[in-house]
Every structure is written in structure tokens, then in C-alpha cells.
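Only one structure is covered here, and it is reproduced in the block below.
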Amino acid sequence: MAPAYEAAIITVFRQLVEGGFVYRACGRWHWCPVCATALAEAEVEYTDHTSPAIYVRFPFSGTAEDAAAIAVEPGDAAELAQHHQQLAAVIWTTTPWTLPANLAVCLNPHLEYVAVKVEHAYYVVAARLAAAFLKATGCHETGRRIPVNLGTPRRA
């Protein structure tokens, strides 16, 4: 983490402590009333819970040259370069409350990715999940899928 980012976290934590929001008190203790013994966390059964799931777009922060470099096919490089400001990676998460702390998008070097054109935007998603992404979001593909290489960029 960047030192300035760590310093900001410490500053906010200090404000929480000074505001009385951080304190030492009684903690949770899992107890079995039948056995009259403490339970390990793994022994506690919870009811089913459904977490919220959302798709989030992260704008591409590279240059037109960077966008061209991720094209698998040399013929697609010009299209990605021309629309690099409309290019974004899309992630799916069930923990949306963690989004403010995100510093990067992690990708699997063993998966194939495509840039899916939706109106004026190009969304980069895992190729095998593109149809599911479009269905879940209600987006309509308005162009062909452009294969992209997010592992080792091709340089022209």
C-alpha cells in the first residue's frame, strides 16, 4: 500500500477512537446450552443468507497505445485504441461494501477475456461469462466481441 493511503487509514481510525466508536467490551462467545460448553466457530450453524451481488465497471486507466496492445488480433488494435476512454473492466462481487478500498482489478492469466461492445462502451469480461453478464445486466451487445490479452500485452 502507498504510505499516503496507510496514513489516511490511520487518521480515520484515530478519529473513530477519539469519537468513542472503538472500545473494549464483551465479545461474542458461542455456547452450547445442551452441553454447557463453549463452541468453536466451525461448530456454529447459521441460517441461509443471500448476499447482494452487483456488477461494477472499472474504467481503463491506460493510454490508447495500451488499449491497442491488449488486442489479440492486430486488426482489433485500432478499434480498442480509438475507444480506450470507453473501455472498462467489469467485476462481479457479493461484497459491495469493500469497493471503496479497491486499488486494482485482479485477472486470471489462465482465462480468456473479451471486450463486449454495449452501445458506446466496451466492457472487458471473461469470455465464458460474457453471455451471463449480458443476461444479468440486461445489456444488449451492439458489436462483435473483441478478444483481449490481459496477461502479456502484445506490442505493435
Side-chain angles (χ1 to χ4, degrees), residues 1-17 19 21-22 27-28 30 40-156:
M1 262 191 253
Y5 186 72
E6 291 179 350
I9 292 171
I10 296 298
T11 299
V12 171
F13 185 69
R14 178 181 178 179
Q15 292 169 350
L16 291 170
V17 170
F21 297 102
V22 178
R28 294 182 321 175
H30 300 290
E41 184 93 25
E43 296 175 298
V44 178
E45 293 185 18
Y46 296 96
T47 58
D48 288 339
H49 172 77
T50 302
S51 295
I54 62 171
Y55 287 91
V56 182
R57 67 184 282 283
F58 287 84
F60 182 69
S61 62
T63 64
E65 182 181 77
D66 295 331
I70 66 171
V72 170
E73 300 296 328
D76 294 331
E79 183 174 354
L80 290 179
Q82 180 182 357
H83 300 285
H84 75 280
Q85 292 181 326
Q86 291 81 36
L87 190 61
V90 175
I91 62 118
W92 175 85
T93 182
T94 58
T95 57
W97 53 87
T98 65
L99 291 172
N102 285 5
L103 298 174
V105 173
C106 295
L107 302 164
N108 187 330
H110 304 293
L111 293 181
E112 293 180 2
Y113 291 89
V114 291
V116 178
K117 185 175 183 192
V118 176
E119 296 182 15
H120 301 291
Y122 289 78
Y123 298 127
V124 175
V125 297
R128 67 184 176 95
L129 299 174
F133 159 71
L134 291 167
K135 183 179 178 183
T137 60
C139 292
H140 299 287
E141 205 166 357
T142 57
R144 64 185 185 79
R145 296 177 187 178
I146 300 173
V148 294
N149 179 359
L150 300 174
T152 307
R154 176 194 64 78
R155 291 286 175 193

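Numbering of residues begins at 1 and proceeds along the displayed sequence.
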Drop me the distance from [X]'s [atom1] to [Y]'s [atom2], to the nearest 0.5 angstrom.
X      : Y      : atom1 : atom2 : result
Glu79  : Glu73  : CD    : CD    : 12.5 Å
Phe60  : Gln86  : CZ    : CD    : 12.0 Å
Leu134 : Tyr123 : CG    : OH    : 10.5 Å
Thr142 : Lys117 : OG1   : NZ    : 5.0 Å

If you take all heavy atoms of [X] and [Y], which pair is closest and at what distance?
X      : Y      : answer
Arg145 : Ala127 : NH1-O, 4.5 Å
Val72  : Asn149 : CG2-N, 3.7 Å
Ala67  : Leu80  : CB-O, 3.5 Å
Pro100 : Tyr5   : O-OH, 4.5 Å
Pro59  : Ala88  : CA-CB, 4.0 Å
His84  : Gly62  : CD2-O, 3.6 Å

Heavy-atom side-chain proximity of [X] to [Y] below 4.5 angstrom:
X      : Y      : value
Asp76  : Pro147 : yes
Thr93  : Tyr55  : no
Asn108 : Tyr113 : yes
Leu129 : Trp92  : no
Val124 : Leu87  : yes
Tyr122 : Ile146 : yes

### Task
Identify the residue among Val118, Val116, Val90 that makes a side-chain contact (heavy atoms from CB on, under 4.5 Å) with Cys139.
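One option only clears the test, and that one is Val118.
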### Query
Name the one of Ile54, Val125, Leu99 that satisfies side-chain contact (heavy atoms from CB on, under 4.5 Å) with Ile91?
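Going through the options one by one, the only one that passes is Leu99.
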### Message
Is it the case that over 12 heavy atoms from other parts of the model lie below 6.0 angstrom from the CZ atom of Arg144?
### Response
yes
#### Entry: More than 12 heavy atoms from other groups under 6.0 Å of CD on Glu119
no
### Message
Given 3.5 Å as the limit, does a donor-acceptor pair link the side chain of Thr95 with the main chain of Thr98, or not?
### Response
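Checking the backbone N and O of Thr98 against the side chain of Thr95, no donor-acceptor pair under 3.5 Å is found.
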### Criterion side chain to side chain contact (heavy atoms under 4.5 Å, CB included) on Leu111 and Arg128, from CA distance to verdict
CA-CA 9 Å; Leu111 293 181; Arg128 67 184 176 95; 3.9 Å; yes
